[in-house]
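Chain naming here is simple, since letters A, B, ... match the order of the sequence lines and numbering starts at 1 in each. This one's a predicted model, so the numbers in the text were calculated from it and none came from an experiment.
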Number of protein chains: 2
Amino acid sequence: MARAGRSANAADTSESRIGLLCVERGLKMTGQRRVIARVLSDAEDHPDVEELYRRASELDPRISVATVYRTVRLLEEKGILERRDFGGGRARYEASEHGRHYHLIDVETGKVTEFEDDEHEALMRRIAERLGFELVSMRLELFGRRLKEPDTSSAAKKAKRGKGSVK
Amino acid sequence: MARAGRSANAADTSESRIGLLCVERGLKMTGQRRVIARVLSDAEDHPDVEELYRRASELDPRISVATVYRTVRLLEEKGILERRDFGGGRARYEASEHGRHYHLIDVETGKVTEFEDDEHEALMRRIAERLGFELVSMRLELFGRRLKEPDTSSAAKKAKRGKGSVK
DNA sequence: CTAGTTGCAAAGGCTTTGCCTATAA
DNA sequence: TTATAGGCAAAGCCTTTGCAACTAG
């Protein structure tokens with residue numbers, strides 16, 4: 001539900017950030033596409049298609065799930081969106097512009113915490129190369145259970161402190 | 001297709017390694033279960049349900065896919081099998097006894113290369129703890145494209161040399 | 001004997017698609 | 001105007017399930 005952004009007006013014809021990316025790639029900007037682009041731009045979490053559909057329908061009821069499916073697929077092919085699989089059988093999406101980060105999923109609540117680790121990708125790249133491969137992409141997800149005491153003793157040390165955002 | 005092991009005789013009533021694990025956990029050993037256990041024991045790759053069904057049917061045609069689905073699910077719950085997702089929408093399985101290792105998937109052929117990295121899990125555990133979580137499990141898959149020159153210069157260095165087995 | 005297992009086919013959950021209408025450029 | 005996109009509902013894929021018959025222990 002946490003959706004920042006300005007006017008969430010269906011009649012708002014101005015482009016969202018993702019809408020702008022679509023225009024850059026020469027995509028035809030239909031009303032539906034604009035709305036979906038806005039929803040994606042405003043999303044601070046990792047919505048699945050059903051949730052995108054729900055949010056988009058709020059802004060403009062003249063949208064079908066099929067269109068949402070077609071749009072996320074298109075945007076993924078264009079490199080604007082990234083598909084995630086956090087378990088549960090449904091694909092979830094986030095904007096590529098959110099940058100490199102990984103996810104830790106709370107096994108009890110399903111909540112997702114993002115974190116960064118600059119060294120990790122380089123390490124995986126080296127491993128792939130040693131095996132004779134050029135690293136194209138990778139998937140890393142941690143599944144964890146919330147600790148009772150929030151580790152008051154030691155401070156952040158090696159990997160950059162994650163944004164800690166639970167989305 | 002690469003299946004080692006001895007007699008692949010349907011009438012063979014002796015237990016495979018995974019069959020023994022089933023007995024240990026007190027599972028009722030039906031003919032079908034025994035056959036599926038043998039197929040899993042002999043598998044040196046990461047078969048999906050359809051492939052398991054094909055191999056099992058070869059040993060004993062009186063097996064239905066439903067039983068294969070039910071069996072892999074059961075064995076996964078018992079911790080005997082592990083489910084993998086290498087993309088492509090179907091679950092793939094391997095015996096837990098194969099030990100800790102990760103997978104690199106060739107994006108062009110789909111072939112899977114296994115590798116080890118002892119430090120990786122510990123690193124992830126530390127990251128999870130810093131975020132306030134106890135690491136329950138994780139998922140790591142690399143996707144790569146085969147390099148032309150097989151890196152003749154440098155030898156293995158940091159992470160233990162993977163088994164390099166392409167399965 | 002009886003709780004647990006299997007086959008079969010139907011049902012489910014997510015995603016894609018065919019077809020015809022609507023529309024951006 | 002004309003190639004593209006959208007709506008709707010049907011179809012596809014993988015997986016699960018209801019139910020009656022079967023079987024290991």
Check your understanding: Hey, does the side chain of B:Ser64 come within less than 4.0 Å of C:dT6's phosphate (OP1/OP2), counting only N and O?
Key -> no
Study note, to complete from the structure: Nearest-nucleotide check on DNA chain C, A:Glu50 vs A:Arg70; residue mapping nearer the 5' end is A:Glu50
Exercise for review: Please check the phosphate of D:dA5 (OP1 and OP2 only) for any side-chain N or O of A:Arg33 closer than 4.0 Å.
Suggested key: yes
Check your understanding: Measuring from B:Arg38:CZ to B:Leu59:CG, what's the distance to the nearest 0.5 Å?
Key -> 8.0 Å
Exercise for review: For B:Val65 and for B:Thr30, locate the closest nucleotide of DNA chain D by heavy-atom distance; then report the residue assigned to the nucleotide nearer the 5' terminus.
Suggested key: B:Val65
Review point. B:Tyr53 OH to D:dC14 P: how many Å, rounded?
Key: 15 Å
Check your understanding: Should the ring pair B:His46 and B:His103 be called parallel, tilted or perpendicular, given that the plane angle runs from 0 to 90° and is split at 30 and 60?
Key -> perpendicular
Review point. Considering only side-chain heavy atoms of A:Lys28, which listed nucleotide, D:dG25, D:dG7, C:dA24, is closest?
Key: C:dA24
Exercise for review: Take the protein atom CZ of B:Arg92 and the nucleotide atom P of D:dC14, then report the distance between them rounded to whole Å.
Suggested key: 13 Å
Point to revise | Presence of salt bridge, B:Arg54 and B:Glu50, under 4.0 angstrom | key: no
**Study point:** Selection from C:dT15, D:dA9, D:dC14 that lies nearest to any side-chain heavy atom of A:Ala66
**Key:** D:dA9
Practice item. Output the single nucleotide from D:dG6, C:dT16, D:dG7 whose closest atom is nearest the side chain of A:Tyr69. Key: C:dT16
Check your understanding: Atom CG of A:Leu74 to atom C1' of D:dT4: distance rounded to whole Å?
Key -> 11 Å
Point to revise | Spacing of B:Glu76 atom CD relative to D:dT15 atom C1', expressed in whole Å | key: 13 Å
Check your understanding: Do other residues, nucleotides or ligands put more than 12 heavy atoms under 6.0 Å from A:Arg62 CZ?
Key -> no
Exercise for review: Please state whether the phosphate of D:dG7, meaning OP1 or OP2, lies under 4.0 angstrom from any side-chain nitrogen or oxygen of A:Gln32.
Suggested key: yes
Check your understanding: Taking atom P of D:dG25 as reference, at what distance in whole Å does atom CG of B:Leu27 sit?
Key -> 10 Å
Exercise for review: Nearest whole angstrom, please: distance from the P of C:dT23 to the CD1 of A:Ile63.
Suggested key: 14 Å
**Study point:** Atom-to-atom span, CZ of B:Arg90 to C1' of C:dG13 - whole angstrom
**Key:** 17 Å
Exercise for review: Indicate whether OP1 or OP2 belonging to C:dT16 is found under 4.0 Å from a side-chain N or O atom of A:Arg73.
Suggested key: yes
Exercise for review: Name the residue closer to the 5' end of DNA chain D, choosing between A:Thr67 and B:Arg83 according to the nucleotide with the nearest heavy atom.
Suggested key: A:Thr67
Check your understanding: To the nearest angstrom, how far is A:Arg62 atom CZ from C:dA22 atom C1'?
Key -> 10 Å
Exercise for review: Would you verify whether the NZ or CZ of A:Arg146 falls within 45 degrees of the ring axis of B:Phe133 while also being under 6.0 Å from that six-membered ring's centre?
Suggested key: yes
